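Worksheet: the structure to be examined is printed underneath.
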Amino acid sequence: MRMASGDSLPDGIAEHVASCRTCADLFDEMQRNADLSGELGRLTPAARRRGDDAISDLVPGYKVRGELHRGGQGVVYEAVQEGSNRRVAVKMLLQGGFATTRQRIRFEREIEIAANLKHPCIVTVFEPLSLSDGRLGYAMELIEGDRLDAWAAAVRGDVLSAAAVRRMLAVMSKVCDAVSYAHGRAIIHRDLKPPNVLVDGDDVPHVLDFGIAKATENTQADAQSTRTGEFLGTLAYAAPEQVSGEAGLVDVRTDVFALGLMLRELLTGTSGRVLAGAMAEVIEGILSAEPKRPSTMARAVDDDVDVIVMKATARDPERRYQTVEALRDDIDAWMAGRPISAKRDSRLYVMRKTMWRYRVALAVAAVIMVLAGGFVVHLVQSNRELQHKTELSHDGLLLRGELDEIAKQLDREFESAEAKQQQIATLRPRLDTIASELEAVYRSEPLLEAGLQAAVGGLYRQMSIFEPAQAHLERALEIRRRELGVKQVETWRTMRDLAELYRELGEIQGGEQTEASRELLEEALDVSSATGGATSELTLSIMTNLARVYYDEREYAESRALYERAHEGLRTIGAADSVDALRCETGLALLEHEDAKRLRRSDSAEDQAEGARADAASRESLAAALERQKSLLGVRHLLTQKTMNNLALAHVLSDPPMYEEAERLWSQLLEARDRTLGRHHKRTVTTLANLGELYVDMGEAAQAVTHLPNAIDELTRLSGEGNLNVLNLWARLGEAYGMLDRCDDAERCSLRAVKGMRATIKGEPDDRQAVYLGRFLMGYGRVLIDCGHGDGARGALEEARELLPRRLGTGHPLVREVDSMLANLPEGA
Amino acid sequence: MSDLYLTTSTALLEGLNDPSNREVWEQFDRRYRPVISAFVMRLGVGANDAADVAQETLATFLTDYHAGKYDRTRGRLHSWIIGIARHRAYDFFRARKRHQHEGGVSAMESMPKDDELESMFEEECRQVVLSEALARLRSQTRMNDETIKAFTRHVIDRFPPETVANELGITVDAVYMAKHRCLSKLRALVAELEQAYELDPS
């Protein structure tokens, strides 16, 4: 090795080098190094010193003293702030002097946000720093303490004692408190791990790097040299949803997971994850390993602490503590000797071996997802295929990020329906572009493609653009069926989403789509309850959807059975307030109402009385469901709105009709729909029409004539002027004008309904048309009588008398009413 | 996703087409300003004035570029920058001659030939690349401090390995190891940067 530039090789060696490839290469490399070395020696003094340890002059306003720590993201120095003489820590990022303006601005913004976090257990960030050589960094509180893992190792000693467990939980409670405080300010850490927590001499933890994870994102040039160990360091605390490819957004429960894993590591000395071996194996290990209860490794750990760790690190985010605060509360409860909240749930599901089998391919494709919050790592893989996969998944991640961004912009509350439409119009081209590339680009990575297809389809559905929504969801399902088979949770989820889309389409187009929805849901329910357990949240959600389809198809017994099972299941897993649970409540109340209706139609007086009681009870159930929806979901939610409408209808149909209740509900609903859907939306128009008709029934003619003309305009635009509902509204408007003695308007409107109806009937009217025409004729006749044109009424009434009994029979109240009107016609008319 | 700094000059030039693209311009500026400064100093412009001449050169470059005067097919980017820098230096000498009646003429008359200018410019590029690579070695790699210190004392400051070993309390072998490791790393960094400058690897 010792061979200076320019030395000539001794003869024997030169001969060997000439014939030995390895030595020739080695020699060549040394020669090149020697050349470079010579060149470097000739550099000007200024050029030589660039980036050298002259850092003490590089940070304006600070005197840098010594290096405290050198790690994957940067170097931390101890420094003194000039002027205040305050001792601080200065972290310089390993980014060279080449941060672009945009990177710098983003970095500074993140630092400012972090600087707003003031908590005794969060390391206070003072200010962003921009070195004169262009590097970025920040000044923060100087903490003298040990990294959490080192601290825990010392506390643990050889055998973990009960006192040590108590000390560790006390520290973790404070860490949770800090993280929870930050969550309250909408800041998620995303890279919680023991090295990011320092514990001082008083056992007070200090969490580092809050909110800065994103700002410190490495550039690719850096990433190439990121050592595998550091990469795994981040992976080690990643939650499954960050790695699974199905991950949507990282949320507070991601931090809950990391905290749980940290607690496990404190207690047992290991996070329970195997981080050795090829990348793919490591990832699979992480995803498929069934973690052991900490007590199996450390005897001092009791049952309750086991439960806390197991619940915090549950694979499914839904089953974890839903907030860091909840985790802290349980830790505190344990410390105080109180029962913990997780105890009851845990028996039911936390300990259960629910295997979520992720495939290696999916996981490898998704591995970069881990780094969404941290680095972008260029994995050095000898395997080219894997390399390609990694690149693709990297692109996929970026796409995913963009889709999340679109989802976020769609999800926010809009001032008005117009504003939402406008937003959709802006977002749609972006979505179209992504959608058009998916299949071609990701064909070689089917699972990645499926995830993206499902996300794209979901977004189209959210935009109510059904055709592409259907195409993309169908594609996602096709791939998942083929690649994963039907026994995978991802497949069921897509089945459910697609079925829900079919159901929505069925409401619009009818027939076939509803049938498709039903078939898909039945299949999904079969496989998911057989494979995933009847009480997984997804299974229960599928159950709820299928119950809904059965209800629509009037298969009430099946519907009820499913609603009840789903409801019970959701309550058991602690999801009693979920949207699906609320849907179950509404569904069950509506089924009660159907029962009541059937009883009321019965001939037996006993049944009728029972029906009336059941009717009142069902309306109470609906009202109770509505109250819960209002408080849990708000009136903007579609489910709340539907329930309002159903309850109003039930009030109108009850005996006696509860008009005031219905009016109150429909008025509220009209306002809500106006805001959320816009006044031109079909549902809004329907509510307007319902309310208008209600006013006619209530005898509030003045109100009716202000609502109905609007409703007629809108509905005509939506459905055409020959539409039965439109004609019906004309008839009702005529009625209202009649009450107000506005005879000309009344005659005009009533006649319009009659003429319109005649125009739609080709040849002989069918039963339904006969009823409508009969009713319109009746209304017209009544208007004529009220306005003193009784002479013209007889023809209309006689025709009505002829038409109505065809379907209603002669005993129907309407028919009897026509009879009496005819009998009371003035003589000679 | 690539670090903008490592995009080649060609890509940078395309970015410059968009006048509002400040970032690309900053990149370009950061890359060539030190080279141009050092280059015009070698033409005889004093250290204090070199910054001004480099400023004028870059300003002219940008104006001309936006005016579409640069045709890639007709010559290398470097030749074009050299041409502008030479003119600006020439203007500088002329102005000085007017004001001071001295110095400028000889410098003007002794302006080197084109191919000499070219190699001077490339040499300055190389200097910038090397010093940049050194800076990166120090700030961006995870080489430990001692390794870098040993390398600096021995290779850059040209102290014998034994001296360095004594000074740092390490073995002579460790100094050689440090030298080898840092040089190998540096070579990779230099290659990367040269590509950005579109230099021929030397």
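Letters A, B, ... are given to chains in the order of the sequence lines, protein chains preceding strands, and every chain is numbered from 1. Note that this is a predicted model, so its numbers are computed, not measured.
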Exercise. Above 12 or not: heavy atoms from other molecules or residues under 6.0 Å from CZ of B/Arg181?
Worked result: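 At most 12 heavy atoms, drawn from other residues, nucleotides or ligands, come within 6.0 Å of this atom.
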For this session: Identify the two heavy atoms, one from A/Leu36 and one from B/Leu130, that lie closest to each other, and give their separation to 0.1 Å.
Result: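 So the two residues come closest at CD1-CD2, 3.6 Å.
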How long is the span from the [atom1] atom in [X] to the [atom2] atom in [Y], to the nearest 0.5 Å?
X: B/Leu186; Y: A/Arg32; atom1: CG; atom2: CZ; value: 14.5 Å
X: A/Met30; Y: B/His180; atom1: CE; atom2: NE2; value: 8.0 Å
X: B/Arg187; Y: A/Glu29; atom1: CZ; atom2: CD; value: 5.0 Å

